[in-house]
Amino acid sequence: MADEAKAKGNAAFSAGDFSGAVHHFSEAISLAPTNHVLYSNRSAAYASMHQYSDALTDAKKTVELKPDWSKGYSRLGAAYLGLGHHDDAVSAYKKGLDYDPNNEALKSGLADAQSAASRSRAPPPPLSNPFGDAFSGPEMWAKLTADPSTRAYLQQPDFVKMMQDIQKNPSNLNLYLKDQRVMEALGVLLNIKLRTPTSDDMEMPESSPSPQPPERKRPAEAEPEKEPKPETEPMDLTEEEKEAKERKARAQKEKELGNAAYKKKDFDTAIAHYTKAMELDDEDISYIMNRAATYLEMGQYGECIKDCEKAIERGRELRSDFKMIAKALTRKGTALMKMAKCSKDYEPAIETFQKALTEHRNPDTLKKLNDAEKAKKELEQQEYFDPKVADEEREKGNEYFKQQKYPEAVKHYTESLRRNPKDPKAYSNRAACYTKLGALPEGLKDAEKCIELDPTFSKGYTRKGAVQFFMKEYDKALETYQEGLKHDPSNPELLDGVRRCVEQINKASRGDLSTEELEERRAKAMQDPEIQNILQDPVMRQVLIDFQENPKSAQEHTKNPMVMSKIQKLISAGIVQMR
């Protein structure tokens, strides 16, 4: 059983699937915990993923189990070198050469380690890395957090570890250029666009990272020495493993041909290549994911959903990266959204997006979920829209209002608005109900919505003014009534509202309020942002001082209508009293 898991690990390693290799080697180790070769192989896989701390742990275990095996010291040196512990790497390679003096891998590793150690002790050459400043200081993390394209990556430990490694030594950037996340981060830090991501709907199917083009050097500029890559020796393969490796290589080639056809929008050819890749290698769900993306682009949503479900099922069997499972779920949800014709059709799409987010919280998936929920709500409103039923419900509400059964009236007005959310009369009537029930904030909100829908409808102003009057905001109520009179100058309710507001304002001006009323009005006024702004205004502070101490200046202030308007607000609020 351990040999079988080892063989799978070797095949995954050879195909470049290092996380898969780690999984299989770990399974083998659980079955044969004293096999030094398994720890050595897993150390190589960790090193290939730049997870050098884990690689070092396994390398130490290898040497502990088999102290006279030279390859263990090769793994140990590679891990130390990856961590930047150059002197320890030199010691590891030298010790390995004590056991196997002619080992070329150890000799090469020793030379690289000694060169790196020498450079680490020397002062850094000027302009050794043109991007060095981009990774310095806390500003780096602030920029990555602020940009939506990189913010999510900060929740991924391997990305954070890579960025910390680059920050410690910017020359290590060369080690991570194949990681698309690092390239995106570099673009954010340099304020340039290195890559244009595409939406899931127009997504290029998954492909292997392409090699970066060589950087163009300035004239007479010395090329900085590159940090040596820790060596990862190939595994010894059986015939069966060689055949598996060959099949994986052929599958990868088919995938690349499929990607090329996809770019040309030759979808039928792309489908054929991805299908062939799936037949050659059923342990890589990226092939079926690519085919699903192609079906999605072709509008064959049913086929896309089938492939996504296969990818999810197979991915769970293979214990694939949770991000790939989330991606398959997101793609399935996208196809379901495309197929939706009514509000209920969005429910399975929403559920699928929610499942994807439990696997991996991706901003793109979250946006798709929000879009689906919004579309569902809009369709529900459209499907429920019925002006005739809305009028019937409003009339039922009116009957209950006349009977002073206000909760029942609210229920029918609410149903009326669900049937026709653009009816100002239903908002006006419900505002009146809320006012009777003492639910003043709800009444104010409905009255304002009524005015928004029909600014010429006088009832909206009488409802709003009444709520403000009961809230003892007499200045605001007066403004509302006066605004309503602009549209209906002879409306008796608006005129009566103005009269009652003026009475209350004059009552405060004459000082006719009781001590309790005055304190209550002041306390309420001090919570009003408008009153707070008036009191904090330096000009108004001086005006108030002049009214107390300088009558001549106070007379000048009374000629300014804006100043007097603010003073009147303070008087109405009980903050200022005129004697």
Side-chain angles (χ1 to χ4, degrees), residues 1-29 31-32 35 37-50 55 71 74-75 78 104-105 178-179 204-212 229-263 266 268-294 307 310-311 313-321 324:
M1 292 292 289
D3 289 340
E4 183 181 345
K6 175 192 171 188
K8 289 182 179 179
N10 290 350
F13 184 94
S14 300
D17 180 11
F18 302 122
S19 61
V22 167
H23 167 71
H24 291 303
F25 290 140
S26 298
E27 185 179 352
I29 287 170
L31 298 168
N35 188 330
V37 176
L38 298 177
Y39 289 100
S40 170
N41 288 5
R42 192 169 69 175
S43 176
Y46 277 132
S48 298
M49 293 191 294
H50 309 296
K71 186 174 280 191
S74 179
R75 302 294 188 218
E104 292 300 324
K178 286 187 178 182
D179 192 300
M204 177 61 201
E206 292 83 359
S207 60
S208 301
S210 58
Q212 298 295 324
K229 283 189 177 180
E231 54 84 22
T232 52
E233 299 176 35
M235 314 299 173
D236 294 330
L237 303 177
T238 64
E239 287 301 320
E240 185 181 343
E241 290 170 347
K242 287 179 182 178
E243 183 182 348
K245 179 180 179 181
E246 183 181 340
R247 288 174 66 85
K248 285 184 178 292
R250 286 163 55 198
Q252 188 65 30
K253 183 66 177 176
E254 290 291 337
K255 176 180 178 179
E256 291 169 2
L257 292 171
N259 290 352
Y262 183 96
K263 286 181 180 178
D266 183 0
D268 289 332
T269 302
I271 291 288
H273 285 299
Y274 294 140
T275 302
K276 183 64 176 176
M278 290 162 55
E279 293 170 356
L280 290 166
D281 181 8
D282 68 345
E283 294 187 352
D284 186 341
I285 66 171
S286 70
Y287 306 142
I288 193 169
M289 288 282 290
N290 283 13
R291 194 172 74 171
T294 309
D307 272 1
K310 289 178 185 176
E313 181 181 357
R314 186 62 177 142
R316 295 203 189 283
E317 290 174 2
L318 296 170
R319 299 182 184 176
S320 298
D321 188 340
M324 289 293 285

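All values reported here derive from a predicted model rather than from experimental measurement.
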Peer 1: Between CE of M278 and CD1 of I285, what distance do you get to the nearest 0.5 Å?
Peer 2: 11.0 Å
Peer 1: Kindly write out the residues that satisfy side chain to side chain contact (heavy atoms under 4.5 Å, CB included) with A12, not counting sequence neighbours, or none if the list is empty.
Peer 2: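 Partners of A12 by the side chain to side chain contact (heavy atoms under 4.5 Å, CB included) criterion, ordered by chain and then number, come out as D17, A21, H24.
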Peer 1: Would you indicate whether the side-chain heavy atoms of R42 and F13 approach each other to under 4.5 Å?
Peer 2: no
Peer 1: What is the distance from atom OG of S286 to atom CD of Q252, rounded to the nearest 0.5 Å?
Peer 2: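 The OG atom of S286 sits 7.0 Å away from the CD atom of Q252.
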Peer 1: Between Y274 and G258 (side chain of the first, backbone of the second, donor and acceptor by atom type, cut-off under 3.5 Å), is there such a pair?
Peer 2: yes
Peer 1: Let me know which of D284, D281, D282 forms a salt bridge (Lys or Arg N to Asp or Glu O under 4.0 Å) with K248.
Peer 2: D281
Peer 1: Output all residues satisfying side chain to side chain contact (heavy atoms under 4.5 Å, CB included) with N35, sequence neighbours left out; order by chain, then residue number.
Peer 2: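 With sequence neighbours excluded, N35 shows a side chain to side chain contact (heavy atoms under 4.5 Å, CB included) to A32, V37, L38, given in chain and number order.
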Peer 1: Should we count CD of E279 as having more than 12 external heavy atoms under 6.0 Å?
Peer 2: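 Enclosed.
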Peer 1: What heavy-atom pair brings M289 and A311 nearest, and what distance separates the two atoms?
Peer 2: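 Smallest heavy-atom distance, with atoms named: SD-CB, 3.9 Å.
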Peer 1: Could you measure the distance from the OH atom of Y46 to the CG atom of N41? Nearest 0.5 Å is fine.
Peer 2: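 Nearest 0.5 Å value for the OH-CG distance: 13.0 Å.
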Peer 1: Name all residues meeting the side-chain hydrogen bond (donor to acceptor under 3.5 Å, both in side chains) criterion together with E254; count only those two or more places apart in sequence or in a different chain, and write none if there are none.
Peer 2: H273
Peer 1: Taking the side chain as every heavy atom from C-beta outward, state whether R291 and K310 have any atom pair closer than 4.5 Å.
Peer 2: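 The answer is yes, as the side chains (C-beta and beyond) meet within the 4.5 Å cut-off.
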Peer 1: Which residues satisfy the side-chain hydrogen bond (donor to acceptor under 3.5 Å, both in side chains) test with E317, sequence neighbours excluded?
Peer 2: R314
Peer 1: Check whether any side-chain N or O of S43 sits under 3.5 Å from a backbone N or O of Y39 as a donor-acceptor pair, and report yes or no.
Peer 2: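 Looks like no, no N/O pair under 3.5 Å.
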Peer 1: Rounded to the nearest 0.5 Å, what separation is found between the CG atom of L31 and the NZ atom of K6?
Peer 2: 13.5 Å
Peer 1: Identify the heavy atoms of A270 and Y262 that sit nearest to each other, and give their distance.
Peer 2: CB-N, 3.9 Å
Peer 1: Please report the interatomic distance CD(E246) to CG(L280), rounded to the nearest 0.5 Å.
Peer 2: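 Answer rounded to 0.5 Å: 10.0 Å.
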Peer 1: To the nearest 0.5 angstrom, please state how far the CG atom of D266 sits from the OG1 atom of T294.
Peer 2: 10.5 Å
Peer 1: Sequence neighbours excluded, which residues qualify as salt bridge (charged side-chain N to carboxylate O under 4.0 Å, His left out) partners of R316?
Peer 2: E359
Peer 1: Please give me the minimum heavy-atom distance between A2 and A28, naming the atom from each residue.
Peer 2: O-CB, 3.6 Å
Peer 1: Test of understanding: with side chain to side chain contact (heavy atoms under 4.5 Å, CB included), list the residues that count as partners of D3, not counting sequence neighbours.
Peer 2: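 Partners of D3 by the side chain to side chain contact (heavy atoms under 4.5 Å, CB included) criterion come out as none, since no residue qualifies.
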